[in-house]
Amino acid sequence: MLIFLICIALLLLAYKLYSPFVEKQAGIDPNLPTPQTRFNDGVDYVPVHPAKAFLIQFLNVAGVGPIFGPILGALYGPIALVWIVLGNILGGAVHDYFSGVMSIKEDGKSLPEIAGHYFNIYFKAAMLVFTAMLLFFVGVVFIMSPAGLLSNLDYFKDTIFASNTFWVLVILAYYFFATLLPIDKIITKLYPFFGLLMIVMTTSIAVALLINAPQLPEFGDVFAYFDHSHYNNDLLEPNPDGLPVWPLLFVTITCGAISGFHSTQAPIMARCLTNEKYVRPVYYGAMVSEGIVACVWATAGIAAFPGGYVELKEILALGGPGMVVNQVATTYLGVAGGIMAIIAVAVFPITSGDTAFRSLRLTIIDAFKIPQSMTNRLLVAVPVLIIAYFMTKIDFTLIWRYFAFSNMLLSTSVLWLATKYLFDRGTIHWIVSIPAIIGTCVTVSYIMTAGIGFGLPQELSQPVGVAVGVVAFIGLLIAHNKRKAAPAA
């Protein structure tokens with residue numbers, strides 16, 4: 001129990017104490033007019049109350065990411081909680097915050113446009129490719145996962161609703177309207193409610209676990225991960241498959257720790273905020289909140305089952321993280337928990353999928369300077385959704401692997417972009433450049449050893465990743481010293 005409480009406390013303290021320091025480096029000016037004020041178009045640039053903006057941003061970036069990822073990461077044991085907290089405080093929260101800052105400072109533009117401004121056309125092109133790729137894969141993943149869950153519910157057995165294709169088409173139809181309609185027609189009306197529902201569900205699960213969970217991790221269990229003799233039997237021993245923590249844990253748990261997908265969502269609310277002072281509570285606050293959700297579900301995976309990690313692995317093999325959510329919710333919260341579980345694994349991913357396709361539309365329109373008419377929005381959205389339909393026929397695990405890699409790569413790229421932003425401002429850049437270096441090490445290590453990459457042995461990929469990170473650090477140090485030695489303008 002102690003480690004769980006420490007994790008939550010650290011996340012809250014980071015928002016209270018660290019985020020104001022981060023904000024000072026960003027150049028926030030409450031007196032400047034925001035993009036919403038200057039470009040109000042009734043479609044994407046629409047004023048949104050900061051409380052609603054927080055809930056929308058929270059749901060945009062959360063979905064089932066901080067639920068499914070931490071459940072899978074729970075197989076590594078309490079070390080998963082350590083990664084969530086450190087990744088969130090040092091990486092994810094500043095990543096999300098500067099994504100919002102740079103977007104609101106650049107008229108609510110998408111990432112590739114911002115990259116072109118701070119670097120060059122080549123970096124802009126690379127960011128465009130990886131941003132579009134990630135958004136597309138997120139959209140496809142969040143068609144396939146809820147459709148698969150809904151079609152397999154016992155309630156729909158032997159009916160048309162048991163057809164996976166039926167639900168794919170229903171979800172695509174919803175995405176069509178959510179992508180095209182003005183943001184205040186669906187998203188600003190429904191998302192705050194679903195955001196509150198996620199908060200209620202997370203709080204209920206956390207309280208129930210603290211009272212009833214059979215195997216709550218203690219602080220010493222983190223260190224026991226490195227000394228398996230601490231555990232009395234195989235049921236309680238984490239990481240039963242002996243998988244390497246570096247880099248696989250960092251890839252398994254992204255949402256809650258750090259996720260490049262979040263940066264793709266930044267322009268949606270950056271076009272709606274009525275004052276720059278709301279960037280910190282909306283973006284930094286949403287990411288800290290997601291970290292809390294991730295800690296709760298990692299703890300559920302670790303502690304909720306009497307059979308320990310072996311039982312968790314068996315449930316995952318039978319029905320994936322969705323079945324874990326269902327069992328935890330129904331066991332600890334009864335009928336109400338079962339209803340919330342269905343909403344969590346069916347509705348929450350849909351709310352991330354539709355904003356993924358909306359962000360993809362915005363990214364394409366920004367990149368090619370396409371006017372925001374309904375005809376042009378249709379010409380962009382319809383082909384994308386048709387291709388997405390055919391992509392749902394491909395193996396889910398393959399789509400997920402490409403999603404995971406592009407997610408890592410984009411988050412690292414955004415941290416380097418934020419480094420350049422702070423370099424240009426002449427403020428403290430280490431708050432983003434150090435996480436960027438670590439992200440570079442992890443990304444390179446993963447692609448060197450992954451099946452979708454070079455497939456090299458783990459013993460080789462780890463040193464290569466670290467070596468690239470060291471080179472990046474040396475280059476950054478040289479640039480930092482040159483900047484300090486340069487005469488003031």
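Source: prediction; values computed, not measured.
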Kindly indicate whether the side chain of [X], heavy atoms from C-beta on, has any atom under 4.5 Å from the side chain of [Y].
{"X": "P35", "Y": "I104", "value": "yes"}
{"X": "L273", "Y": "V48", "value": "no"}
{"X": "F250", "Y": "M408", "value": "no"}
{"X": "I431", "Y": "L422", "value": "yes"}
{"X": "S359", "Y": "I268", "value": "yes"}
{"X": "K109", "Y": "P267", "value": "no"}
{"X": "H95", "Y": "S263", "value": "yes"}
{"X": "F142", "Y": "I171", "value": "no"}

On the 0 to 90° scale, with breaks at 30° and 60°, tag the [X]-[Y] ring pair as parallel, tilted or perpendicular.
{"X": "F161", "Y": "F156", "value": "tilted"}
{"X": "F123", "Y": "F119", "value": "tilted"}
{"X": "Y175", "Y": "F357", "value": "tilted"}

Determine, stepwise, if the pair Y421 / V101 fulfils side chain to side chain contact (heavy atoms under 4.5 Å, CB included). CA-CA 10 Å; Y421 174 81; V101 168; 3.6 Å; yes
Using the ring-ring contact (aromatic ring centres under 6.0 Å, His included) rule, pick out the option among W416, F98, F423 that qualifies with H429. F423
Would you please test F348 and L59 for side chain to side chain contact (heavy atoms under 4.5 Å, CB included) and show each step? CA-CA 8 Å; F348 290 162; L59 198 63; 4.0 Å; yes
Side chain to side chain contact (heavy atoms under 4.5 Å, CB included) between T159 and F166, intermediate numbers included: CA-CA 11 Å; T159 70; F166 171 82; over 6 Å; no
Strictly distance-based, threshold 3.5 Å: is any side-chain N or O of [X] a donor or acceptor partner for the main-chain N or O of [Y]?
{"X": "T264", "Y": "F261", "value": "yes"}
{"X": "N407", "Y": "G260", "value": "yes"}
{"X": "R425", "Y": "Q25", "value": "yes"}
{"X": "N275", "Y": "P30", "value": "yes"}
{"X": "Q36", "Y": "R271", "value": "no"}
{"X": "N88", "Y": "G91", "value": "no"}
{"X": "N40", "Y": "V46", "value": "no"}
{"X": "Y191", "Y": "T351", "value": "yes"}
{"X": "T392", "Y": "Y389", "value": "yes"}
{"X": "T202", "Y": "I199", "value": "no"}

Gap between atom [atom2] of [Y] and atom [atom1] of [X] - 0.5 Å precision:
{"X": "L476", "Y": "T419", "atom1": "CG", "atom2": "OG1", "answer": "6.5 Å"}
{"X": "I434", "Y": "L415", "atom1": "CD1", "atom2": "CG", "answer": "11.0 Å"}
{"X": "T188", "Y": "L55", "atom1": "OG1", "atom2": "CG", "answer": "12.0 Å"}
{"X": "I186", "Y": "T355", "atom1": "CD1", "atom2": "OG1", "answer": "12.0 Å"}
{"X": "E23", "Y": "Y284", "atom1": "CD", "atom2": "OH", "answer": "11.0 Å"}
{"X": "S103", "Y": "Q265", "atom1": "OG", "atom2": "CD", "answer": "11.0 Å"}

Going by side-chain hydrogen bond (donor to acceptor under 3.5 Å, both in side chains), name the residues that satisfy it together with S461, two or more places apart in sequence or in a different chain. none
Side chains of [Y] and [X]: any donor to acceptor distance under 3.5 Å?
{"X": "Y174", "Y": "D354", "result": "yes"}
{"X": "T179", "Y": "R361", "result": "no"}
{"X": "T37", "Y": "T34", "result": "yes"}
{"X": "Y45", "Y": "D107", "result": "no"}

S373/N376 under side-chain hydrogen bond (donor to acceptor under 3.5 Å, both in side chains): CA gap, chis, key distance, verdict: CA-CA 5 Å; S373 67; N376 288 335; 3.1 Å; yes
The single option from V94, L13, V288 passing side chain to side chain contact (heavy atoms under 4.5 Å, CB included) against Y18: V94
Does the pair K277 and D29 meet the rule for a salt bridge (charged side-chain N to carboxylate O under 4.0 Å, His left out), with working shown? CA-CA 7 Å; K277 68 181 180 182; D29 187 348; over 6 Å; no
With a cut-off of 6.0 Å (strictly less than), are more than 12 heavy atoms of other residues, nucleotides or ligands near [atom1] of [X]?
{"X": "K369", "atom1": "NZ", "value": "yes"}
{"X": "L17", "atom1": "CG", "value": "yes"}
{"X": "F454", "atom1": "CZ", "value": "no"}
{"X": "L318", "atom1": "CG", "value": "yes"}
{"X": "K189", "atom1": "NZ", "value": "yes"}

Test S204 against V200 for side chain to side chain contact (heavy atoms under 4.5 Å, CB included), laying out the working first. CA-CA 6 Å; S204 302; V200 170; 4.1 Å; yes
Closest contact, heavy atoms only, [X] versus [Y]:
{"X": "A206", "Y": "V296", "answer": "CB-CG2, 3.9 Å"}
{"X": "G73", "Y": "A80", "answer": "O-CB, 3.5 Å"}
{"X": "W297", "Y": "P70", "answer": "C-CB, 4.2 Å"}
{"X": "T363", "Y": "P112", "answer": "CG2-CG, 4.0 Å"}
{"X": "S445", "Y": "G465", "answer": "OG-CA, 3.4 Å"}
{"X": "G139", "Y": "A356", "answer": "N-CB, 4.0 Å"}

Are R280 and Y15 in a cation-pi contact, defined as NZ or CZ under 6.0 Å from the six-membered ring centre and within 45° of the axis? yes
Take E276 and K105 through the salt bridge (charged side-chain N to carboxylate O under 4.0 Å, His left out) test and state the conclusion after the steps. CA-CA 9 Å; E276 286 190 5; K105 291 290 188 183; 2.9 Å; yes
ring-ring contact (aromatic ring centres under 6.0 Å, His included) with F136: which residues, sequence neighbours excluded? none
